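Quick notes on the structure that follows.
All of these numbers come straight from a predicted model, not from anything done at the bench. When a residue number appears, it is its place in the shown sequence, counting from 1.
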Amino acid sequence: MVSAPLTAVDSAPPHSRRLAWLDALRGLAAMVVVFEHALTPLWPEARLPIKAVFDPGWYGVLVFFLVSGYIVPASLERRGSVRAFWISRFFRLWPLFTVCVAGMLLMAAVGWDSLHTWWDSRPVALALAHASMLQNLMYVPNLANVLWTLSYEMAFYLLLTAMFTLGVHRRSTAAALAFAAAAALGAGLLPVTLLSAGGAGRMLTVVVVVIAVLAAGLAAVLRGGRRVQQVGAVAIAGTILLLLAVNQSYPGPWQGLFILATMFAGTALYRVETGQFGHRHIAWVALVPLAGLWLARAELGVQLAIAAAWLTFAAGMTLRNRAMPSWLTWLGLVSYSIYLLHPLLLESVEHFLPNPPAVPVAARLTLLAAVYAVLLGLCALTWRWVEMPAQRLGRRLISQAESQAESSLERAASG
């Protein structure tokens, strides 16, 4: 399974023990995803046997999605501002995303990646779809194999925005069960590329229309009156639900719907943990992984990965008040960099190592250790020079926007 960030979630301050367990989970998930992707260029002969028993890619991304579902809605509700939420999301996601995409385009330009053919034939659709981060739901190939998960992150954020605007954001359990039921009951009947199939022109039309509708919806939510905001929220939710239902490219209809169920289940667990929901909701939330196990009944490796991801998250919640190893929380802090940068290194290895089984195992182990060492060094740099400055800028812009809003309210009250 190609994998995230996926997940990309708000970074907990290094000193915050309250959120350190989430960083620890993200760090663990990121390293497991790197291992899964390292199998292709280094141990292709072992990849399928390992995944048949335990799918590390599914494990890693589901842990990421549970963490995102748990913490991201809290960041929206804590401030109560859609504008602040999207400023935060933009400066959290897009700067490093741009670095990753630029790296993949450079590799394509020198012939190290086959996507140069797509860049030659459908450059506008490829660029616009990636700029929206919804490329995977528009059937546009991902420039890096891990970017598909960010499309589901983005779908989740847009649905959260719509639900918050409509005042139904607390219905996390109902949303989780609805997506799980849709995955279990309807996924086998859903088309995969109903909108985007039919050539480059049709694909570009879908990309442009989707981006235009979502941009108009967000503009309405941010700037309109109450009725206009509601119309914008409905447009956003309807567009995302349509894409999830009939236009997913990877990994498939039931998997995509199950991912959204998992994220909303993480939100429901957050609400139980903070006392917003009673503990009876845990029993309802437990139906989500059970649905996943049933859907993956023909794939033992995926089943075990689903079970292990939920058990890992449960263990993290149980130990949330304990001190976490500093090295593991640091990995969580730079997990977005780990997730987005490792494909660049591994595709480079694949280019220069065309026949891995012919290389001694000891040499391949040494190469894997070198990949991890170089990767973590790069991640320390991108955290210092890309992620941290971007997040600081985002916080500064949020503070300015809030100060301006307060000043406007004061002037209106005094006038």
_With side-chain contact (heavy atoms from CB on, under 4.5 Å) as the criterion, how do L159 and F179 come out once you've worked through the C-alpha distance, each side chain's angles and the decisive distance to 0.1 Å?_
CA-CA 12 Å; L159 289 175; F179 277 111; 3.8 Å; yes

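- Residues satisfying the side chain to side chain contact (heavy atoms under 4.5 Å, CB included) test with A291, not counting sequence neighbours, are A180.
- Residues Q135 and M138 form no side-chain contact, since every pair of their non-hydrogen atoms from C-beta on lies 4.5 Å or further apart.
- Judged by distance alone, the side chain of Y336 and the main-chain N or O of L93 form a donor-acceptor pair under 3.5 Å.
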- Message: Evaluate W148 against Y152 for ring-ring contact (aromatic ring centres under 6.0 Å, His included), listing each step before the verdict.
- Response: CA-CA 7 Å; W148 70 269; Y152 292 100; 5.8 Å; yes

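- Pairing each heavy atom of R83 with each of L222, the nearest pair is NH2-O, 3.4 Å.
- With hydrogens and angles disregarded, no donor-acceptor distance shorter than 3.5 Å links the side chain of S68 to the backbone of F65.
- Ring pair H37/H342 is parallel by interplanar angle, where below 30° counts as parallel and above 60° as perpendicular.
- Listed for the N247 side chain is a donor-acceptor partner under 3.5 Å among the backbone atoms of L137.
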Set out, in order, the CA-CA distance, both residues' side-chain angles and the distance that settles side-chain contact (heavy atoms from CB on, under 4.5 Å) for S88 and I398, then state yes or no.
CA-CA 8 Å; S88 170; I398 290 171; 4.0 Å; yes

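- E402 and S81 are not linked by any side-chain donor-acceptor pair at a separation below 3.5 angstrom, with hydrogens and angles left out of the test.
- Centroid-to-centroid, the aromatic rings of W86 and F91 stay 6.0 Å apart or farther.
- Among all heavy-atom pairs drawn from A390 and P95, the shortest one is CB-CG, 3.6 Å.
- Aromatic ring centres of F64 and Y339: separated by under 6.0 Å.
- Using a 3.5 Å distance cut-off with no hydrogens or angles, the side chains of E387 and T382 do not pair a donor with an acceptor.
- The number of heavy-atom neighbours closer than 6.0 Å to CH2 of W330, taken from other residues, nucleotides and ligands shown, is above 12.
- Listed for the S151 side chain is a donor-acceptor partner under 3.5 Å among the backbone atoms of M133.
- For the pair L368/W43, a side-chain contact is recorded, criterion being any heavy-atom separation below 4.5 Å from C-beta on.
- Applying the side-chain hydrogen bond (donor to acceptor under 3.5 Å, both in side chains) test to pairs two or more places apart or on separate chains, those with a residue in residues 350-366 are E45-R364, W112-H351.
- Annotation for A20 and T329: closest pair O-CG2, 3.7 Å, computed over non-hydrogen atoms.
- For R202 (side chain) and L195 (main-chain N/O), a donor-acceptor pair under 3.5 Å exists by modelled atom type.
- Rounded to the nearest 0.5 angstrom, W21 CH2 and R322 CZ are separated by 14.5 Å.
- Using a 4.5 Å cut-off on side-chain heavy atoms (C-beta onward), L353 and L367 make contact.
- Ring-plane geometry between F258 and W254 is classed as tilted, the angle between the planes lying from 30 to 60 degrees on a 0 to 90 degree scale.
- Contacts classified as side-chain hydrogen bond (donor to acceptor under 3.5 Å, both in side chains) and involving residues 292-313 (residues at least two apart or in different chains) are given here: Y59-T312.
- Contact of the C379 side chain with the L375 side chain is registered, since non-hydrogen atoms from C-beta on lie closer than 4.5 Å.
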Note to self: Set out, in order, the CA-CA distance, both residues' side-chain angles and the distance that settles side-chain contact (heavy atoms from CB on, under 4.5 Å) for R170 and M163, then state yes or no.
What the structure shows: CA-CA 8 Å; R170 285 176 55 84; M163 293 173 69; over 6 Å; no

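- Side-chain atoms of L160 and H169, non-hydrogen and from C-beta on, never get closer than 4.5 Å to each other.
- Ring orientation note: the planes of F264 and F156 are nearly perpendicular, at an angle over 60° on the 30°/60° scale.
- From S75, atom OG reaches atom OH of Y157 across 8.0 Å, with rounding to the nearest 0.5 Å.
- Side-chain contact between N136 and L147 is absent, with no heavy atoms from C-beta onward closer than 4.5 Å.
- Residues V63 and L28 fail the side-chain proximity criterion, which asks for heavy atoms closer than 4.5 Å.
- Side chain of D55 to main chain of G57: a donor-acceptor pair is present (N/O by atom type, distance under 3.5 Å, no hydrogens or angles).
- Contact detail for A155 and L134: the closest heavy-atom pair is N-CD2, 4.1 Å.
- Listed for the T239 side chain is no donor-acceptor partner under 3.5 Å among the backbone atoms of L214.
- For the pair T149 and V146, the tightest heavy-atom approach, listed with the atom from each and the gap, is OG1-O, 3.0 Å.
- For the atom pair OG of S399 and CD1 of I87, the computed distance is 9.5 Å after rounding to the nearest 0.5 Å.
- Within 6.0 Å of CH2 in W94 there are more than 12 heavy atoms belonging to other residues, nucleotides or ligands.
- Nearest heavy-atom pair, L96 versus V386, reported as atom, atom and distance to 0.1 Å: N-CG1, 4.0 Å.
- In this structure, the side chain of E36 does not engage the main chain of M31 through any donor-acceptor pair within 3.5 Å.
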Point to revise | Pair M203-V140, side-chain contact (heavy atoms from CB on, under 4.5 Å): steps then yes or no | key: CA-CA 8 Å; M203 177 175 288; V140 174; 3.8 Å; yes

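- Within the 3.5 Å criterion, the main-chain N or O of L344 finds a donor-acceptor partner in the side chain of S348.
- Not a single donor-acceptor pair under 3.5 Å links the side chain of H281 to the backbone N or O of F277.
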Next on the checklist: Is there a salt bridge (charged side-chain N to carboxylate O under 4.0 Å, His left out) between R271 and E77? Walk through the geometry before answering.
Outcome noted: CA-CA 12 Å; R271 298 195 189 285; E77 295 168 18; 2.5 Å; yes

